[in-house]
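Atom set for the values below is all heavy atoms of this structure, side chains included, hydrogens, waters and symmetry mates excluded. Chain naming here is simple, since letters A, B, ... match the order of the sequence lines and numbering starts at 1 in each.
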Number of protein chains: 2
Amino acid sequence: MSTIPSTITLPLEPSADPSAELPASATLPHDRVAELSHDFRLANARLTRRLRQQRANDELTAGQFSALCTLYSNGPLTLSELSEHERVTPPSMNRTVNSLVATQLVQRENAADDGRKVMLTPSEEGSALVRETRERRDAWIAQRVMKLSPEQQQVLAAATLIMKELAES
Amino acid sequence: MSTIPSTITLPLEPSADPSAELPASATLPHDRVAELSHDFRLANARLTRRLRQQRANDELTAGQFSALCTLYSNGPLTLSELSEHERVTPPSMNRTVNSLVATQLVQRENAADDGRKVMLTPSEEGSALVRETRERRDAWIAQRVMKLSPEQQQVLAAATLIMKELAES
DNA sequence: TATTGTTATACTCTATAACTATA
DNA sequence: TATAGTTATAGAGTATAACAATA
């Protein structure tokens with residue numbers, strides 16, 4: 001499953017200020033962490049907005065598609081489980097799920113063991129939609145990732161793992 | 001300014017499938033690019049939602065603060081310049097700017113050379129707010145970045161540069 | 001005519017509070 | 001009582017279309 005080598009080397013752009021360079025084995029000092037965190041957070045938010053601009057009109061929204069993909073890869077899930085994974089509140093996710101159920105892309109059933117819970121499962125149609133449209137939906141970013149250097153591609157792969165951990169914390 | 005060494009080495013978690021490993025000098029094949037792009041895009045969106053959950057109630061919203069930070073670091077800017085940097089449409093940014101002008105954190109003036117343009121500048125109060133609250137606003141992520149390994153910190157720094165390029169493309 | 005900004009409007013995303021059903 | 005889900009409601013964020021002012 002993983003595409004990530006056990007070690008990689010990153011040749012990066014030369015530092016403008018050589019005195020600012022640090023050995024890779026040292027953690028960053030406090031002010032550098034603050035600067036990096038700030039830059040990373042803003043870059044993350046801007047990239048999300050950039051990706052939103054790319055959405056075609058005749059498709060599921062980003063939130064709907066993300067939830068459907070999660071159910072496709074990790075389902076069946078309860079509403080709480082799905083909302084935690086997607087990092088929104090249950091009422092927010094419930095609205096998204098309603099739209100997916102209304103278009104018959106997701107099935108909502110009562111859990112057999114606990115009448116309070118609902119099990120959410122992608123329908124055949126929903127699963128097919130994921131398989132058929134994922135590549136097209138990801139085309140904008142994939143086209144750009146393809147043009148990155150091997151080292152930059154490895155950075156993104158490693159960063160994806162870190163971002164998943166951050167989102168889960 | 002840069003905190004990034006010219007080269008870094010990344011020891012990552014061992015691959016579950018050794019046959020999937022590739023030399024770092026090779027670009028990923030098409031299907032791996034698609035997989036990486038998909039994972040990265042979803043991780044990016046989820047992290048944005050996670051960060052949104054962290055927002056305190058008594059502060060500027062994320063969009064307002066991001067715009068103010070951009071004007072603080074890169075201003076003065078016209079509305080179009082700011083909206084392009086923040087990756088939203090001019091009408092969307094205009095709404096954000098209206099709220100910042102209403103609270104006197106940003107000054108809106110007609111450009112001297114072109115009567116159609118407006119110049120947006122953070123006020124003294126706005127600049128002070130950025131300086132005083134940035135660290136607190138970034139505390140949630142900074143706390144987690146601080147606990148990452150040196151290699152993971154370097155990955156995030158390199159990824160931030162790539163994400164900025166992606167958002168600008 | 002083209003560009004820059006603005007207003008009007010609508011839709012999506014998200015949250016909090018309050019409610020229902022079940023454990 | 002506590003938990004899982006839902007409904008009601010409101011606010012933030014965003015876009016498109018139409019308009020005004022200026023170049």
* Is the phosphate of D:dG5, meaning OP1 or OP2, less than 4.0 Å from a side-chain N or O of A:S80? -> yes

* Roughly how many Å is it from CG in A:N94 to P in D:dT7, rounded to a whole number? -> 6 Å

* Asked: Do the side chain of A:S127 and the main chain of A:S123 share a donor and acceptor less than 3.5 angstrom apart?
  -> yes

Which protein N or O atoms sit under 3.5 Å from an N or O of nucleotides 8-11 of chain C?
residue : atom : partner : partner atom : Å
C:dT9   : O4   : B:R95   : NH2          : 3.4

* Does B:F40 reach the side chain of A:L47, with side-chain heavy atoms less than 4.5 Å apart? -> yes

* **Distance below 4.0 Å between B:T78 side-chain N/O and C:dT4 OP1 or OP2** => no

* Between B:R50 (CZ) and C:dT14 (C1'), how many Å, whole number? -> 15 Å

* To do: State which residues pass salt bridge (charged side-chain N to carboxylate O under 4.0 Å, His left out) with A:R116; sequence neighbours excluded, sorted by chain then number.
  => A:D114

* To do: For DNA chain D, write out the stems as range with range, using runs of 3 or more consecutive Watson-Crick or G-U pairs with both distances under 3.5 Å.
  => C:1-23 with D:1-23

* Asked: Side-chain contact, heavy-atom cut-off 4.5 Å: B:R108 with B:T121?
  -> no

* To do: Check every strand shown and say whether A:T89 touches a base, only sugar-phosphate, or nothing at a heavy-atom separation below 4.0 Å.
  => base

* Asked: To the nearest Å, how far apart are B:L120 CG and C:dT4 C1'?
  -> 12 Å

* Are B:V130 and B:V106 connected, step by step, through hydrophobic side chains (Ile, Leu, Val, Met, Phe, Trp, Tyr) whose heavy atoms are closer than 4.5 Å? -> yes

* Asked: Can you check the B:M93 CE to C:dT6 C1' distance for me, whole Å?
  -> 15 Å

* Proximity to the side chain of A:R116 - top-ranked nucleotide from C:dA15, D:dT22, D:dT3 -> D:dT3

* To do: Please report, rounded to the nearest Å, how far the P atom of C:dT14 is from the CG atom of B:L51.
  => 13 Å

* Asked: Are A:N44 and B:R50 linked by a side-chain donor-acceptor pair shorter than 3.5 Å?
  -> no

* To do: Specify the residue among A:R49 and A:K117 whose closest nucleotide of DNA chain D lies further upstream toward the 5′ end.
  => A:K117

* **Qualifying residues under salt bridge (charged side-chain N to carboxylate O under 4.0 Å, His left out), relative to B:E132, sequence neighbours excluded** => none

* Asked: In residues 108-115 of chain B, which ones come under 4.0 Å of DNA chain C, going by heavy atoms?
  -> B:R108

* Atom-pair distance (CG on A:L100; C1' on C:dC13), nearest Å -> 14 Å

* **Side-chain (A:Q152) to main-chain (A:S149) donor-acceptor, under 3.5 angstrom** => yes

* Side chain of A:N98 only, please: which of C:dT14, D:dT14, D:dT7 is the nearest? => D:dT7

* Return the nearest nucleotide to the side chain of B:S92; candidates are D:dG5, D:dA21, D:dA15. => D:dA15

* Asked: Tell me, do A:Q153 and B:V33 make a side-chain contact under 4.5 Å, heavy atoms counted?
  -> yes

* Rounding to a whole Å, what distance do you find between B:L82:CG and C:dG5:P? -> 10 Å

* To do: Measure the distance from CD on B:Q54 to P on C:dA15 and round it to the nearest whole Å.
  => 12 Å

* Asked: Hey, any chance A:M93 and A:M119 share a hydrophobic cluster, counting ILVMFWY side chains that come within less than 4.5 Å of each other, even indirectly?
  -> no

* Asked: Which residues pass the salt bridge (charged side-chain N to carboxylate O under 4.0 Å, His left out) test with B:R46, sequence neighbours left out?
  -> A:E86

* Which part of the nucleic acid, if any, lies within contact of A:T96, taking any heavy atom under 4.0 Å across all strands shown: a base, the sugar-phosphate backbone alone, or nothing? -> nothing

* Crowding at CD, B:Q104 (>12 non-hydrogen neighbours, <6.0 Å) -> no

